[in-house]
Amino acid sequence: MKIATWNINGVKARLETSLSWLSEARPDIVCLQEIKSVDEGFPASAFEELGYHVETHGQKGFNGVAILSLEKPVDVNRGLPGDPSDEQARYIEAVFETSASPLRVGGLYLPNGNPLGTEKFDYKLRWMDRLHAHARACLAREERFMLLGDYNVIPDPVDARNPAAWTQDALFQPESRQAFRALVNLGFTEAVRATSDMPGVYSFWDYQAGAWQKNNGIRIDHILLAPEASDRLTSVGIDAHVRGWEKPSDHVPVWVELSV
DNA sequence: ATGCCTTGTCGCACAAGA
């Protein structure tokens, strides 16, 4: 079973590109971020024609997440618990029946947090605290649980082509990195780094200044696997070639395969 | 040093992204 995450930077602007990738990669489940659409505006029928069931948690203009799946989920939860006043659409979770224990998939779009010294960075850290608490609760279920998405965190210097350029950025702050480590240390396996310590592995290249052509990238899209899922990990991939397509997102798909 | 692009918006410039 192939499960992927991809920040598509606008579902309407990325419709043809995302349909092309789905046709090529055929993931069983994909978590999408930055759909930048309300639920009613999401072009669900185009994805349904490819065989995908569509669950969205949208918002006008910004943010917005979705889960597409070949099998229909048995349960869907929208929004990250812990702050009823938070109106930003950044989390969606779906549960799938398997022959063994349930598969619980959380798709997240973690706040960017820039610029530093503003309430945006505070919001990022508070959101990470809420994610930590929710992840802990989900792990206690002892299901095949995984958290995929755009974490907006560069975990380590090796995860940036030019780490010095990010020292004043929310994505690479000690607080952001510490919170990410604390999340992983709840008991997750970070899929990419479980399989490779190679430098030059990125999931995002800025649109500006020829970042893709120079391979000036960062690795900020991650897949965290609970033990019940990581025990079944068979392969990990980053579809970097998609960044070179016409009308690309600035992020590319990251995926895992599990033996289920 | 800043902006470099891209997207969406009650567009005709701006916010937000990272």
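Chain letters run A, B, ... following the sequence lines, proteins first, then strands; residues in each count from 1. Atoms considered below: every heavy atom in the structure, side chains included; atoms not considered: hydrogens, waters and symmetry mates.
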K.L.:
Got a donor-acceptor contact below 3.5 angstrom from the R144(A) side chain to the A226(A) backbone?
P.N.:
no
K.L.:
For atom C1', what is the distance between dT2(B) and dC12(B), given to the nearest Å?
P.N.:
25 Å
K.L.:
Distance between the C1' atoms of dG3(B) and dA15(B), in whole angstroms?
P.N.:
16 Å
K.L.:
Judged by each residue's nearest nucleotide on DNA chain B, which is more toward the 5′ side, P248(A) or E34(A)?
P.N.:
P248(A)
K.L.:
Hey, does the side-chain of N152(A) have a donor or acceptor N/O within less than 3.5 Å of a partner on the base of dA18(B)?
P.N.:
no
K.L.:
Applying a 4.0 Å non-hydrogen cut-off, can you work out what F172(A) is touching in the nucleic acid: base, sugar-phosphate, or nothing?
P.N.:
nothing
K.L.:
Regarding Q33(A) and D150(A), is there a side-chain donor-to-acceptor distance under 3.5 Å anywhere?
P.N.:
no
K.L.:
Check whether any side-chain N or O of T98(A) sits under 3.5 Å from a backbone N or O of L103(A) as a donor-acceptor pair, and report yes or no.
P.N.:
no
K.L.:
Could you tell me whether R177(A) and D156(A) have a side-chain N and a carboxylate O separated by less than 4.0 Å?
P.N.:
yes
K.L.:
Which part of the nucleic acid does A13(A) contact within heavy-atom distance under 4.0 Å: base, sugar-phosphate only, or nothing?
P.N.:
sugar-phosphate
K.L.:
Please report, rounded to the nearest Å, how far the P atom of dA18(B) is from the CD atom of Q168(A).
P.N.:
19 Å
K.L.:
Over how many whole Å does the gap from K214(A) atom NZ to dC4(B) atom P extend?
P.N.:
14 Å
K.L.:
Check E190(A) with R219(A), please: is the shortest side-chain N to carboxylate O separation under 4.0 Å?
P.N.:
yes
K.L.:
Whole-Å distance between dA18(B) P and K120(A) NZ?
P.N.:
11 Å
K.L.:
Under 4.0 Å, counting only non-hydrogen atoms across every strand here, what does N7(A) touch: a base, just sugar-phosphate, or nothing?
P.N.:
sugar-phosphate
K.L.:
Which listed nucleotide (dG17(B), dG8(B), dA18(B)) is nearest to the side chain of L171(A)?
P.N.:
dA18(B)
K.L.:
Are any of the side-chain nitrogens in D159(A) or R193(A) under 4.0 Å away from the carboxylate oxygens of its partner?
P.N.:
yes
K.L.:
Under 4.0 Å, heavy atoms only, any strand: does K124(A) hit a base, just the sugar-phosphate, or nothing?
P.N.:
nothing
K.L.:
What contact category does D150(A) fall into here, base, sugar-phosphate, or nothing, at under 4.0 angstrom with non-hydrogen atoms?
P.N.:
sugar-phosphate
K.L.:
Indicate, with a heavy-atom threshold strictly under 4.0 Å, whether N112(A) touches base, sugar-phosphate, or nothing.
P.N.:
base
K.L.:
Roughly how many Å apart are dA18(B) and dG8(B), using the P atom of each and rounding to a whole number?
P.N.:
14 Å
K.L.:
Would you indicate, yes or no, if dG17(B) has its OP1 or OP2 atom less than 4.0 angstrom from a side-chain nitrogen or oxygen of H251(A)?
P.N.:
no
K.L.:
Taking the nucleotide of DNA chain B with the nearest heavy atom to each, does Q208(A) or K36(A) sit closer to the 5' end?
P.N.:
Q208(A)
K.L.:
R14(A) side chain N/O closer than 4.0 Å to the phosphate oxygens (OP1, OP2) of dT6(B)?
P.N.:
no
K.L.:
Could you give the distance separating dT6(B) and dG11(B) at their C1' atoms, to the nearest angstrom?
P.N.:
15 Å
K.L.:
I want to check one thing: is the phosphate of dC10(B), taken as OP1 and OP2, less than 4.0 Å away from some side-chain N or O of K60(A)?
P.N.:
yes
K.L.:
In whole angstroms, how far is the P atom of dG8(B) from the CD atom of Q88(A)?
P.N.:
18 Å
K.L.:
Phosphate oxygens OP1/OP2 of dA18(B): is one of them under 4.0 Å from a side-chain N or O of Y202(A)?
P.N.:
no
K.L.:
Send over the distance from D250(A) CG to dC5(B) P, rounded to a whole Å.
P.N.:
14 Å
K.L.:
Rounded to whole Å, please give me the gap between CG in D169(A) and C1' in dT2(B).
P.N.:
15 Å
K.L.:
Could you give the CZ-to-P distance, from F121(A) to dA18(B), as a whole number of Å?
P.N.:
15 Å
K.L.:
Give the rounded distance in Å between these two atoms: CZ of F62(A) and P of dT6(B).
P.N.:
18 Å
K.L.:
Give me the distance, rounded to whole Å, that separates dA16(B) from dA1(B) when you measure between the P atoms they each carry.
P.N.:
24 Å
K.L.:
Checking T234(A) against E257(A): is there a side-chain donor and acceptor pair closer than 3.5 Å?
P.N.:
no
K.L.:
I want to verify a distance call: between dA18(B), dT7(B), dT6(B), whose nearest atom is closest to the Y207(A) side chain?
P.N.:
dT6(B)
